[in-house]
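Shown next, in structure tokens, is the structure this report addresses.
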Amino acid sequence: MFGTESSLSMFLNTLTPKFYVALTGTSSLISGLILIFEWWYFRKYGTSFIEQVSVSHLRPLLGGVDNNTTSNSNTSNGDADSSRQSVSECKVWRNPLNLFRGAEYNRYTWVTGREPLTYYDMNLSAQDHQTFFTCDTDHVRPADAIMQKAWRERNPQARISAAHEALELTECATAFILLAEEEATTIVEAEKLFKQALKAGEGCYRRSQQLQHHGAQYEAQHRRDTNVLVYIKRRLAMCARKLGRTREAVKMMRDLMKEFPLLSMFNIHENLLEALLELQAYADVQAVLAKYDDISLPKSATICYTAALLKARAVSDKFSPEAASRRGLSTAEMNAVEAIHRAVEFNPHVPKYLLEMKSLILPPEHILKRGDSEAIAYAFFHLQHWKRVEGALNLLHCTWEGTFRMIPYPLEKGHLFYPYPICTETADRELLPSFHEVSVYPKKELPFFILFTAGLCSFTAMLALLTHQFPELMGVFAKAFLSTLFAPLNFVMEKVESILPSSLWHQLTRI
């Protein structure tokens, strides 16, 4: 025993200050590398790598049991219902106000060198095109067969070439659509191509309408021709809106909604709301909201925030937070504040874009309701309408954060809507380009392991610096620390030696 103590003491005395510098410096370097990796992983995936590995791999090996397996059947059914609700709320929707690839998205790429659309977003668009613009009988018609392959093509130039090839055979409406969306470099060119598509699409629609009851194949073809016609008319209305012919655009949208009232999947009413706000036809906006802001219909940021804007418009020009704190809120002001709280609860990401606390980017072709992608799409087109109403942004600035006091645990329980879905961050990271910093709600705290590695890295770096500057003093501290660390062990060993016979202790040490 005493030989072990003497050898340990001799070993500690032989350690030079360079050893302590190397030891602390290496520890600082390793912990720093772990910190950098953990921070990068957290920024990219929103979770700690060490925690994820611990939960996914180490916990089963250590015999950990998931709490969900011990819950009763009622809880399981409730979890299943909430899971189904979460999945439905995390469904990705087509952006009703999506831009034109050739005339807008590609021009942005030419100017900035950045890609505004992600592969995931464009892949969803390709699936939409195949759903809306193709049917099982396309192989019978050569031009439609070419376009069926074109919609599946990943290379933009190959798609454009296929569209020109189809037009050499016949006046193909879907070929004109593809060229208007992807080849036209201005809105004027796109509008010309859509007008040609409209002429061809109306002919196909009339022919298939007469044959739709002759069989399932004819019915599917008529459904496809209906989708094509609605898409063309909607895009023509959007072209008119972008070119400043807003009243014409409003008329086209109203006529389209009357002609095809059942095709709500295109959400044409959101295009109509934006155009009416541009005309400052607030009574017409209220009439549209009265029809679509219904409890039985799915909500959107456009519906909720437009309703808040109309109520804020009635009081925002005279609103003063100082006066309101003295006399209290009037009934109209209370209604406006409640509408803002309702909108913020539905999508809490929008106010930062409307108040220009966060920079805008081009909206994606698909959005996630209640997510950052929907907030970008709404603010991109509606920020100007909020600025036009005097005092509306000031009222929003003064009241929007009060929403979070009503819903302290938004992932568990909502106030007017379902709890905020937990899947929005992951889906938004897929929809939005990498150069955009995705807005996260509720704000996540830094994982424990990032804080731990940051503290460890700082502590060891400080030790390395002190050891390099004061080698002798730090050597004394290190020896004193190690001696203190081993003192309890030495005390126990001495007690054991005093109790056990020397002969038995000698035999144990030999073993």
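Here the structure is a predicted model, which means the values were calculated and not measured. Numbers here are sequence positions counted from 1.
- Under a 3.5 Å cut-off, the side chain of H341 and the backbone N or O of T399 do form a donor-acceptor pair.
- Considering every non-hydrogen atom in both V230 and L256, the closest pair reads O-CD2, 3.9 Å.
- A donor-acceptor pair is defined here as one N or O able to donate and one able to accept, closer than 3.5 Å; no such pair exists between the side chain of E182 and the backbone of L178.
- In the displayed structure, K192 atom NZ is contacted under 6.0 Å by at most 12 heavy atoms of other residues, nucleotides or ligands.
- Put simply, NZ on K251 and CZ on R254 are 11.0 Å apart, with the number rounded to the nearest 0.5 Å.
- Between V389 and Y282 the shortest heavy-atom distance is CG2-OH, 3.7 Å.
- Looking at heavy atoms from C-beta onward, Y120 lies in side-chain contact with V92 at the 4.5 angstrom threshold.
- No donor-acceptor distance shorter than 3.5 angstrom exists from the side chain of N95 to the backbone of I367, with no hydrogens or angles considered.
- Side-chain atoms of V285 and L273, non-hydrogen and from C-beta on, do get closer than 4.5 Å to each other.
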Start with the C-alpha gap between L236 and K195, add the side-chain angles, then the distance that decides, and say whether side chain to side chain contact (heavy atoms under 4.5 Å, CB included) holds.
-> CA-CA 7 Å; L236 277 172; K195 286 181 178 179; 3.9 Å; yes
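- For the pair F100/R235, a side-chain contact is recorded, criterion being any heavy-atom separation below 4.5 Å from C-beta on.
- A distance of 6.5 Å separates CG of L229 from CD of E259, quoted to the nearest 0.5 Å.
- The closest side-chain donor-acceptor pair between S125 and E365 falls under 3.5 angstrom.
- Listed for the K369 side chain is no donor-acceptor partner under 3.5 Å among the backbone atoms of K91.
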Check the pair R223, T226 against side chain to side chain contact (heavy atoms under 4.5 Å, CB included), reporting the backbone distance first and the verdict last.
-> CA-CA 5 Å; R223 191 183 310 115; T226 302; 5.6 Å; no
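- Taking all atoms of both residues into account, the shortest heavy-atom contact from L99 to L362 is CD1-CD2, 4.0 Å.
- Less than 6.0 angstrom separates the ring centroid of Y305 from the ring centroid of Y378.
- Looking at heavy atoms from C-beta onward, P363 lies out of side-chain contact with L97 at the 4.5 angstrom threshold.
- Looking only at distances, no side-chain donor or acceptor of E248 sits under 3.5 Å from a matching main-chain atom of A240.
- T246 places no side-chain N or O within 3.5 Å of a backbone atom of A275 that could act as its donor or acceptor partner.
- Shown here is R247, whose CZ atom has no more than 12 heavy atoms of other residues, nucleotides or ligands within 6.0 Å.
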Under the salt bridge (charged side-chain N to carboxylate O under 4.0 Å, His left out) criterion, do E181 and R159 qualify, and how do the steps go?
-> CA-CA 11 Å; E181 292 284 354; R159 289 197 296 270; over 6 Å; no
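- To the nearest 0.5 Å, atom CE of residue M238 and atom CE of residue M253 are 7.0 Å apart.
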Evaluate the salt bridge (charged side-chain N to carboxylate O under 4.0 Å, His left out) criterion for residues R388 and E278: first the C-alpha distance (whole Å), next the side-chain angles of each, then the deciding distance (0.1 Å), finally the verdict.
-> CA-CA 9 Å; R388 188 178 294 123; E278 177 64 22; 3.4 Å; yes
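- Put simply, CG on L117 and NE2 on H366 are 10.5 Å apart, with the number rounded to the nearest 0.5 Å.
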Intermediate values then yes/no, salt bridge (charged side-chain N to carboxylate O under 4.0 Å, His left out), E356 and K387 | CA-CA 11 Å; E356 299 181 272; K387 288 184 174 180; 3.5 Å; yes
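- Distance check, rounded to the nearest 0.5 Å: NZ of K233 to CD1 of I268 gives 10.5 Å.
- Y119 does not carry R154 over the face of its six-membered ring by the limits of under 6.0 Å from the centre and within 45° of the normal.
- Around the CD atom of Q130, the shell of radius 6.0 Å holds more than 12 heavy atoms that belong to other residues, nucleotides or ligands.
- Using a distance-only test at 3.5 Å, with no hydrogens or angles considered, a donor-acceptor pair links the side chain of T118 to the main chain of E430.
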Are T112 and F435 close enough, and set up right, to give a side chain to side chain contact (heavy atoms under 4.5 Å, CB included), and what steps lead you there?
-> CA-CA 12 Å; T112 64; F435 58 81; over 6 Å; no
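- In this structure, F194 and I177 have side chains that are in contact, with non-hydrogen atoms separated by less than 4.5 Å.
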Worked check of salt bridge (charged side-chain N to carboxylate O under 4.0 Å, His left out) between R429 and E425 = CA-CA 6 Å; R429 290 186 189 278; E425 180 186 358; 2.5 Å; yes
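- Looking at E374 and T302, their side chains never come closer than 4.5 Å, going by heavy atoms from C-beta outward.
- The closest donor-acceptor contact from the side chain of D293 to the backbone of I303 lies at 3.5 Å or more, if one exists at all.
- Side chains of H385 and E274: a donor on one and an acceptor on the other come within 3.5 Å.
- Atom CD of E333 sits about 10.0 Å away from atom OG of S316, to the nearest 0.5 Å.
- Checked by atom type and distance alone, the side chain of K311 never pairs as donor or acceptor with a backbone atom of E338 at under 3.5 Å.
- Across A237 and A249, no two heavy atoms sit closer than the pair O-CB, 3.3 Å.
- Taking all atoms of both residues into account, the shortest heavy-atom contact from P96 to N271 is O-ND2, 3.0 Å.
- Ring geometry for W151 against F133 counts as tilted: the plane angle lies between 30° and 60°, on a 0 to 90° scale.
- For residues 112-125, no pair satisfies salt bridge (charged side-chain N to carboxylate O under 4.0 Å, His left out), with sequence neighbours left out.
- Between the side chains of H436 and D372, at least one donor N or O sits under 3.5 Å from an acceptor N or O.
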Show the numbers, then the answer: is there a side chain to side chain contact (heavy atoms under 4.5 Å, CB included) between K242 and E191?
-> CA-CA 10 Å; K242 291 175 184 291; E191 186 181 37; over 6 Å; no
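- The heavy-atom pair separating R107 from G102 by the smallest distance is CG-O, 3.9 Å.
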